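Here the structure is a predicted model, which means the values were calculated and not measured. Ligands are counted one by one from 1 in listed order, and the atoms in each one are counted from 1 as well.
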Amino acid sequence: MSEQKVPITVAYGDGIGPEIMEATLRIIEAAGARIEKEVIEIGEKIYLEGHSSGIKPEAWESLRRTKVFLKAPITTPQGGGFKSLNVTVRKVLGLYANVRPCVSYYPYVKTKHPVMDVVIIRENEEDLYAGIEHRQTDEVYQCLKLITRPGCERIIRYAFEYARAYGRKKVTCFTKDNIMKMTDGLFHKVFDQIGAEYPEIEKEHWIVDIGAAKLADSPEVFDVVVVPNLYGDILSDVAAQITGSVGLAGSANIGDGVAMFEAIHGSAPRRAGQNLANPSGLLLGAVQMLVHIGQADVAERVQNAWLRTLEEGIHTYDIYEEGTSRKKVGTREFADAVIERLGQVPQVLKPVKFSNASFNIRVSPTVPAKKELIGVDIFLHYKDRNPDKLGETLKNFRAGQMELTMITNRGTKVWPGGFPETFCTDHWRCRFKSEDGKSSTYREVLELMTRITEAGFEIIKTENLYNFNGEAGFSAGQGQ
Ligand code: NAD
């Protein structure tokens, strides 16, 4: 074990941030954390100075050098023009895995789920969070959902490696691949492929709707859960909340180089400066940090002393309950109580055991497929609501092998043979391809677009239709 101090970047944040950070650092340093702190300023003041992501250019230099960030919550100022600091840090520094242990501490913290020990591993960079949104017509707005093979492989491999390193038995994947067969379908497929490399770990897949219901109802049946970004964003809060308090959960954001550790809650401005806030979420984030920097021994001392403090009924206001709790304390006194118990282990709750085993996540190289252009989806802003009229007109436009095969409105087929009951907006997807899948050229696509434009239609976007190794790389329209 290295005695050398590890440089870490620390941000005290806003609201209750400074108090809980001070308490957290005091506890981990008393437990023997071998760290060298570099403090950066982030948050409200920096936003209001005109830095749109709440962080100054110099702070990035510290983060890139230390590669470890312990971050207190910040306040995002009200009003437009401010970008999420968290999303910026995650994306700029490639923090692809969000790891959130959600544990209930029954009977010391009130919960409907006394047996719960779930780790949510959320993909952090892809999915609907690319921020690529457009207004396309009077009525229609779009947000692009991007899922990549390397992105899926990295997070799924991370989940299995995590399960192996922490002695977990099962990894569950949630997707909605019965609807999003290509994007969520890829996540599921990669889960099956990578999972096969971990025969000792049980694997299961749930459709996210019923899976989420099951997680909220019977969290005890889950162990590690790996999810795409949006479902993970929602479910990790649900999971933390049902343990009894969001104030107790910490989270890690891990990348290949840099990692960030934090509490999951915000800056609770109404509680700021009153020595009231519970520092536990940030403390458990710091525990994850200590494991990450190879100080599992210190992480164990901290978390076991913290568990013992909870068990003894020494509680901050947010988890204080007459009958269960013994003493209501403030932030500072809570930290003192944990420090007094360093070296002790819980008597009723399960003590934690961490190992310094680190894992490297490798991603298979991309194998280029044989890609063949076979058509194009042309999206029109067309105000007339008559799909038959549109179909009859567009039928006359051809280029190469491509001809009109289908028109959909919001994904539902309305031509040929649409139903009058189908509600139509002003946004029409018109599919041109050869009926027997013969290839086309992009020049032909451009010719087609030119003819359609010259006929007075407004093209708002196109999507090329490709076969990859002979397999369609696009979805069919929904409908009868
Ligand atoms: P919040 O998490 O700050 O507070 C929600 C509720 O939980 C409040 O009643 C609060 O008093 C309580 N609470 C939160 N943490 C607590 C703790 N440690 N101890 C005791 N009680 C605690 O959420 P909010 O009120 O929606 O947001 C406040 C600010 O925090 C906003 O500006 C928001 O943008 C920001 N925020 C920041 C982060 C972050 O930095 N990671 C995350 C979420 C929200």
Check your understanding: Can you name the closest pair of heavy atoms from Leu215 and Ala239 and give their distance?
Key -> CD2-CB, 4.4 Å

Revision key, fill the gap. Heavy-atom contacts under 4.0 Å to ligand 1, chain-then-number order, include exactly Ile16, Lys71, Pro73, Ile74, Thr75, Thr76, Asn86, Glu262, His265, Gly266, Ser267, Ala268, Pro269, Arg271, Ala277, Asn278, Tyr317, Asp318

Study note, to complete from the structure: Sorted by chain and number, sequence neighbours left out, side chain to side chain donor-acceptor pair (under 3.5 Å) with Glu197 holds for Arg157

Check your understanding: Does a donor on one side chain and an acceptor on the other come within less than 3.5 Å for Tyr317 and Arg271?
Key -> yes

**Study point:** side chain to side chain donor-acceptor pair (under 3.5 Å) partners of Asn304, counting only residues at least two apart
**Key:** none

**Study point:** side-chain hydrogen bond (donor to acceptor under 3.5 Å, both in side chains) partners of residues 319-331, not counting sequence neighbours, each pair once
**Key:** His315-Ser325

Check your understanding: When you check the side-chain N and O atoms of His205 and Thr175, is any donor under 3.5 Å from an acceptor?
Key -> yes

